[in-house]
Amino acid sequence: MIKNAYLNRVYEELALRNAHEPEYLQAVKEVLESIQPLVEKHPEYEKADLIERLVEPERIITFRVPWVDDSGNVHVNRGYRVQFNSAIGPYKGGLRFHPSVNQSILKFLGFEQVFKNSLTTLPMGGGKGGSDFDPKGKSDMEVMRFCQSFMTELYRHIGQFVDCPAGDIGVGAREVGYMFGQYRRLTNSYQGGMMTGKGLTYGGSLARKQATGYGLCYFTAEALKCMRNDSFAGKKVVISGSGNVAIYAAEKAAQLGGTVITMSDSAGYVYDPNGIDLDYVKDLKEVRRGRISEYTTSHPDATYVADCRKVWETPCDIALPCATQNEIDAESAKALVKGGCTVVCEGANMPSTAEAISVYLENGILYGPAKASNAGGVATSGLEMSQNSERLSWTFEEVDSKLQEIMKGIFHASYDASVEAGSTGNLMVGANCAGFLKVATAMMEQGICY
């Protein structure tokens, strides 16, 4: 609940203006609830209308994306880039291609990205973008034509010192490659740092593909060690999703001693009591682009359930939601508690509803919020930008080592901030406060005109 009068007024005015954007309002409310102790200590924030400026994007770019399919038919999708805050660096955040993309979702993602990027300690502002285009079922040539058309508009608004996109849901190495090639052609320049998630032959970073999933597990492992004197060893791990984040979270969780027993896609989930066969899933999803239901055709002990939301009914010790926003509601959170789960750390962006988070906290679950626990992807994107600027390429081990230190640092910054805010161990409050304070200080120091 927002008790501070200033923050409550800001939120109520924002809700009136953005009543049709529930995801955005959900993200803002969570942060404003968390930062109340800081705002009460800094009355100068209200005098400077800092929060009013913080919750409004600096710029939203909306454009049409016409493209031609393999049959010669013309289609038009809608493209977006939400440039939310550049107080501590150029806008940085992914591009999402999915039918669900709309302005509310991108504003929530951009807002979250501001604080996530702040937590990494790297000089990156926050932004997000994408389109309601669905790459599923499209040929490589159709995807290429769409990406080229998308970048033909977007290129005017980005650059290595302005806005540096990356991938997200529906945007992998293939899509990044097509967009980077078009940007290079249109600008007659090679700005490696203007886009991350690139292929290794043209400026990409080793470990970038693994970074979000690995980083999630590094954060979770550090939280377990410091808050519970525990580890992944011997734990049953439930993971949702089967995309890039889920696959590499599963890989690292297994390396750390856990047994991953579920993975899912939008149609359903598989449960394998023997532990998920990750090599099969990698081939299924990264090469053949198939459905997770196919897993059971070659794994007789596995079970497929045609309802992805029921994955949380699987008894486990650790849950790592890695699919999409609001995939865990209060009912699902209660199912996790009933099934013995004691740790929930988020690999997707805002996968838990506010009601689900309340269930976690009421039942003593160790909860790692997305802006802290899934920051490994953007952290390694920042490391990719650094390598591009220096014209260097670090080894996998170098990047992975830096990633581990960043994720450990994010946990400790979040925990320490939770103590200072009077909510010891509440990593959601801690992450919001730690991320906010750096951005707020930069905004204040740069003047009201910012």
Side-chain angles (χ1 to χ4, degrees), residues 92-98 100-101 105 109 112-113 116-117 119-120 128 130 135-136 165-176 196-197 204-205 207-221 232 237-256 258 260-266 269-270 276 278 281-282 284-286 289 292 308 311-312 318-328 343-352 368-384 399-400 403-404 406-407 410:
K92 184 82 188 88
L95 296 169
R96 175 177 293 192
F97 292 169
H98 192 271
S100 67
V101 165
I105 287 175
L109 290 168
E112 290 275 295
Q113 199 77 46
K116 182 188 303 186
N117 293 359
L119 285 168
T120 70
K128 207 74 177 184
K136 286 183 180 177
D168 193 78
I169 293 173
V171 178
R174 173 183 62 172
E175 290 78 12
V176 168
T196 54
S205 175
R208 174 61 188 90
K209 187 176 186 179
Q210 295 87 350
T212 308
Y214 277 24
L216 169 63
C217 292
Y218 293 147
F219 179 95
T220 306
F232 270 95
V237 183
V238 164
I239 291 179
S240 65
S242 51
N244 192 62
V245 179
I247 285 172
Y248 291 100
E251 182 169 277
K252 182 55 65 175
Q255 290 174 6
L256 293 172
V260 178
I261 54 177
T262 69
M263 294 187 81
S264 69
D265 58 22
S266 59
Y269 75 94
V270 291
I276 291 291
L278 201 55
V281 174
K282 284 182 179 181
L284 175 67
K285 288 295 183 177
E286 297 181 337
R289 301 181 187 273
I292 201 69
C308 59
V311 67
W312 310 116
I318 298 171
L320 304 176
C322 297
T324 191
Q325 69 269 2
N326 290 331
E327 58 177 296
I328 303 181
V343 179
V344 177
C345 287
E346 298 176 334
N349 290 302
M350 203 171 75
S352 305
K371 63 172 60 67
S373 57
N374 84 355
V378 74
T380 305
S381 282
L383 298 177
E384 181 177 330
V399 178
D400 190 46
L403 172 63
Q404 289 186 55
I406 289 171
M407 296 311 298
I410 289 173

Query - Of all pairs that satisfy salt bridge (charged side-chain N to carboxylate O under 4.0 Å, His left out), the ones with a partner from residues 240-250, not counting sequence neighbours - result: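 Of all non-adjacent pairs touching residues 240-250, none passes salt bridge (charged side-chain N to carboxylate O under 4.0 Å, His left out).
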
Query raised in the report: Got a sec, which pairs hit salt bridge (charged side-chain N to carboxylate O under 4.0 Å, His left out) with one end in residues 241-250, sequence neighbours left out?
Result: none

Report task. Identify, with sequence neighbours excluded, every residue that meets salt bridge (charged side-chain N to carboxylate O under 4.0 Å, His left out) alongside Lys371. Result ->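 Salt bridge (charged side-chain N to carboxylate O under 4.0 Å, His left out) check on Lys371 returns Glu30, Glu112.
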
**Report entry** Contacts of Lys252 that satisfy salt bridge (charged side-chain N to carboxylate O under 4.0 Å, His left out) - sequence neighbours left out
**Finding:**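 Salt bridge (charged side-chain N to carboxylate O under 4.0 Å, His left out) check on Lys252 returns nothing, list empty.
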
Nearest heavy-atom neighbours spanning [X] and [Y]:
{"X": "Cys308", "Y": "Asp265", "answer": "CB-O, 3.2 Å"}
{"X": "Ala370", "Y": "Lys116", "answer": "O-CE, 4.2 Å"}
{"X": "Gly197", "Y": "Val176", "answer": "O-CG1, 3.7 Å"}
{"X": "Leu320", "Y": "Cys217", "answer": "CD1-SG, 4.3 Å"}
{"X": "Cys322", "Y": "Leu216", "answer": "SG-CD2, 3.7 Å"}
{"X": "Gly215", "Y": "Leu403", "answer": "N-CD2, 4.1 Å"}

Requested in this report: In sequence, state the C-alpha distance, the side-chain angles, and the governing distance for Ile247 and Met263, and then conclude on side-chain contact (heavy atoms from CB on, under 4.5 Å).
Outcome: CA-CA 9 Å; Ile247 285 172; Met263 294 187 81; 4.1 Å; yes

In Å and rounded to the nearest 0.5 Å, what is the [atom1] to [atom2] distance from [X] to [Y]?
{"X": "Ile410", "Y": "Phe219", "atom1": "CD1", "atom2": "CZ", "result": "7.5 Å"}
{"X": "Glu327", "Y": "Ser266", "atom1": "CD", "atom2": "OG", "result": "12.0 Å"}
{"X": "Trp312", "Y": "Thr262", "atom1": "CH2", "atom2": "OG1", "result": "7.0 Å"}
{"X": "Leu119", "Y": "Ile406", "atom1": "CG", "atom2": "CD1", "result": "11.5 Å"}
{"X": "Leu95", "Y": "Leu109", "atom1": "CG", "atom2": "CG", "result": "11.0 Å"}
{"X": "Ile276", "Y": "Ile292", "atom1": "CD1", "atom2": "CD1", "result": "6.5 Å"}

Requested in this report: Please determine which of Asp168, Ile105, Val101 meets the side-chain contact (heavy atoms from CB on, under 4.5 Å) test together with Lys128.
Outcome: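 Result: among Asp168, Ile105, Val101, Asp168 is the only option passing the side-chain contact (heavy atoms from CB on, under 4.5 Å) with Lys128.
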
Requested in this report: Would you check if there is a donor-acceptor pair between the side chains of Tyr214 and Gln404 at a distance under 3.5 Å?
Outcome: no

**Report entry** Residues that Phe97 engages under ring-ring contact (aromatic ring centres under 6.0 Å, His included), provided they are two or more places apart
**Finding:**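 Phe97 satisfies ring-ring contact (aromatic ring centres under 6.0 Å, His included) with Phe146, Phe150 only.
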
Query raised in the report: Between the side chain of Ser373 and the main-chain N/O of Gly368, is any donor-acceptor distance below 3.5 Å?
Result: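 It does hold such a pair.
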
Query raised in the report: Sequence neighbours excluded, which residues qualify as side-chain contact (heavy atoms from CB on, under 4.5 Å) partners of Ile169?
Result: Arg96, His98, Thr324

Query raised in the report: Any side-chain heavy atom of Arg208 within less than 4.5 Å of one from Val399?
Result: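 Not touching, per the 4.5 Å side-chain cut-off.
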
Query raised in the report: Any side-chain heavy-atom pair from Glu346 and Asn374 closer than 4.5 angstrom?
Result: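 Contact flag for Glu346/Asn374 side chains = no.
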
